[in-house]
Amino acid sequence: MTMDFIRSMVRRDLKTGKHDGRVVTRFPPEPNGFLHIGHAKSLCLNFGIASEHPGGRCHLRLDDTNPDTEKAEFVEAMKRDIRWLGFDWGEHLYHASDYFEQLYRYAHLLVDRGLAYVDSSTEAEIRERRGSIAEPGVDSPWRNRSPGENRDLFLRMRAGEFPDGAHVLRAKIDMAHRNMVMRDPILYRIRHASHYRHGDDWPIYPMYDFAHCLSDSIERVTHSLCTLEFENNREIYDWLLEKVDAPRPRPEQTEFAPLVLDHLITSKSKLRPLVEGGHVRGWDDPRMPTLAGLRRRGVTPEAIRKLCEMVGVARTQSRVEMAKLDFAIRDDLNERAPRAFCVLDPLRVVLANVPEGKGRMVRAPRFPGRTPRTDGGEGTDAEGERALPLGRVVYIERDDFREDPPPGFRRLAPGGRVRLKYAAVIRCEEMVKDEGGRVVELRCRVETEAGGGGGRGGPVRAAIHWVEATSAAPAEVRLYDRLFAMPDPPLDDLAGALATGSERVVARALLEPRLAATGPGEHYQFERLGYFFSDPEDCREGRLVFNRTATLREGWSEEKSAGAGVPTEGESAAKPTTASSGGDGARGVGRGRETGGGDPELPTGEERERYDELVALGAGGATAITLARSPALREVFLAARPVFPEGAEAIAGWLANDVARLLGSDERSGLGRLAPKDLAGLARAVAEDELSHRQGRRLLEAILTEGGTLAELRATLDLEEIGDEAVLAPMIRELMEAFPGRVTAYRGGQRGLLGFFVGQVMQKTGGRADPRKASEVAAALLGRADEC
RNA sequence: UGGCCCGUCGUCUAAUGGCAGGACACCGGUCUUUGGAACCGGCGGUGGUGGUUCGAAUCCACCCGGGCCAACCA
């Protein structure tokens, strides 16, 4: 298993001792609804990471700072769902509302430091003055109240002296900040509402940005993992911890992409109207993407965890196809769901040559295809087989018989044969129809009793499920389909986007008799139909109710085998996608040409001037633009150029490519350490082949990260490179012997493999080989043998 | 008309600057008393342009595309 970027980070932090060797994560849901499959990813991540490190732990923290929407009922449901998924918070159950007192003191600290103020504007005024993404906000007229006045007002807010909305406490940051979150965010609001845990103790409630980071800090969380939409909030997270002098090491927020599944919505607030509007049976409706709904449908915790594992964790925004969930479900259920027969739409079949009352029992495997137990252990039969009664009258699936079979149809048709699975091969001799012409009964003859092959007339193409008429157990079977037909349902009109027929209730299906005693919550695979789960609420002896968890993978369909025309249409249907993406590409090329291809745009006149000047001084076109936009780099260039005027282009290149990279990737490095004359000297040495480009780069890196002059470092740094063919050639020959397959592939035309051999040499020599020479020697050796 | 983030097979996800790999889906085959499962094989990708480098998915620049942000929600 390869590690995701968060796990790598945790491991790195552990190694560097960043958090005193602790790993503490947390799962912080707001108890305003039910947990859904999107939460499962976060659960797997947070609890997973905690369990992967000795002493690691994951807190369950209810983020209950909004009394309007939160309920104890949701807390209980969340705890139940998390346990069901297989996670355990141990002693670490917390509530943000546990910290109300501490949070309130932190707020006072900010007030006293002049970093927070009471704003008496109306909600509309605050919104108005916040500005927009394009325009800066303006200061509130209440922004400069004295700390004393703020303190007094805030005290009185807490005392309940003011009505809702009269005042808010705001952080005093910057109303013109580019990040909207930083435009004096609201810390506290007045809300005279009963909190499900604290009743009417508090007339003021902290806002998310304020409560969240401080709750993490109070719990000494090390890694605060959240989804991508909180990226903008990281700045206020860090700002607040800094301004209240939160103890170090401080928790650090890292964002990852949420789990988004096609045809599903993963938003508690969008799910609630579906429940409250009566569009589904409840939060645990089997069609709901909630953990409770999935559980009721028969999806196992293992399947959900498997899905999360398959999906991984990254920062890329992504949509997962339902097929992946389906796979995870089937993969798990295939192993654990014993097979049974269920006929959803019964068609009566009379076996004419079976005498009345002359039934027999047939044996069928509970797990066909599973390697039979050979250890002879106790219970082998009971585990491995089931018994089915067979009599004169049976029911088969109406769909398994066609009066006019389409091409490719392998099941029963007039005059044709089919196998009653595990029991007998029958031939259809007669149809009985009602006045409406509807087939109501088939008269068949048993040709072969059980056994393999098909007896006379060659092999039978298909085996169908069936139940014996007198012993079959009636059951209600609920067939579920996706709640939304479109992959990306419109969040503003979910009720209108609901698919019709997402729940189909079959009132009287027939089950093989041993299932008559099924209790709630049992998994079965009804052969050829799918995976089913006896409803945990409604199923009991005497009233059997099953939910379809998932269908079987479809291997055949009438459309597919209806002729060659259809697949072709399918292909052409896929073409527009290809064409449109090609269109995008074409558009991009067109634009590029307009702006002069690789010649980057120079938006302002000032930059244009600098660019022209740099080009005149000898900087290359592509690098000049970089320097024109970076005053610091440009300054170094201007200072270094006179030292080595002929190397102007090289100097500019070093600056634009290598210095920019080092500055961007390593915070320890600093441009201040680089003397312009050293840069010029470096460029000259490389230009005159005193140093290889690689050596130059190593020197530059050393200067930027550790400091020192070029001369010093050239003397002290071990820059030696192995360029001797007498050393390199044997090494490469050895590699060629070790990887004969790659040699063949290289000679077969896979020239990219040269990089593999050079890379191996670089590794073997600890990076000290001269790669140019190594490449040369390797090419020669690989090529020479080619001629033999 | 801003700030931040993100672009690798259809989808999800890997690759200290050194073989672009895996999974799902799809297609084909073997096997099969589930048109299932299993097994084998195939298809298919680094958004674009330029630059740096012996070597770029990876570094630099620009362009294109996508996401998030203007609740007294979280």
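Being a predicted model, the structure only gives us computed values, none of them experimental. Chain A is the first sequence line, chain B the second, and so forth, proteins listed ahead of strands; every chain is numbered from 1.
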Applying a 4.0 Å non-hydrogen cut-off, can you work out what A/N179 is touching in the nucleic acid: base, sugar-phosphate, or nothing? nothing

Pairs under 3.5 angstrom, nitrogen or oxygen only, protein versus nucleotides 54-58 of chain B, please.
unit_1 : atom_1 : unit_2 : atom_2 : d
B/C54  : OP1    : A/R772 : NH2    : 2.6

Report the relative orientation of the aromatic rings in A/F526 and A/Y524; use parallel for angles under 30°, tilted for 30 to 60°, perpendicular for over 60°. parallel

What is the ring orientation for A/H167 with A/F162, classed by angle as parallel under 30°, tilted 30 to 60°, or perpendicular over 60°? perpendicular

With sequence neighbours excluded, residues passing side-chain hydrogen bond (donor to acceptor under 3.5 Å, both in side chains) with A/E321: none

Only pairs under 3.5 Å count here: list side-chain donor-acceptor contacts from residues 754-763 of chain A, not counting sequence neighbours, and write none if there are none.
none

Answer with base, sugar-phosphate or nothing: what part of the nucleic acid does A/L552 contact at a heavy-atom distance below 4.0 Å? base

Candidate nucleotides B/C72, B/U11, B/A70, ranked by approach to the side chain of A/I126 - the nearest: B/C72

Quick one, A/R61 with A/D216, criterion salt bridge (charged side-chain N to carboxylate O under 4.0 Å, His left out). Give me CA distance, side-chain angles, the key distance, then yes/no. CA-CA 9 Å; A/R61 179 171 75 232; A/D216 282 347; 2.8 Å; yes

Report, one pair per line, the protein and nucleotides 37-43 of chain B atoms (nitrogen or oxygen only) whose separation is under 3.5 Å.
unit_1 : atom_1 : unit_2 : atom_2 : d
B/A37  : OP1    : A/R553 : NH1    : 3.4
B/A37  : OP2    : A/R553 : NH1    : 2.9
B/A37  : O2'    : A/N334 : ND2    : 2.9

In RNA chain B, stems of three or more consecutive pairs, Watson-Crick or G-U, each with both distances under 3.5 Å, turn out to be B:2-7 with B:64-69, B:10-13 with B:21-24, B:26-30 with B:38-42, B:47-51 with B:59-63

Which residues share a side-chain hydrogen bond (donor to acceptor under 3.5 Å, both in side chains) with A/R553, sequence neighbours left out: none

Pick base, sugar-phosphate or nothing for A/E229, based on heavy-atom distances below 4.0 Å to the nucleic acid. sugar-phosphate

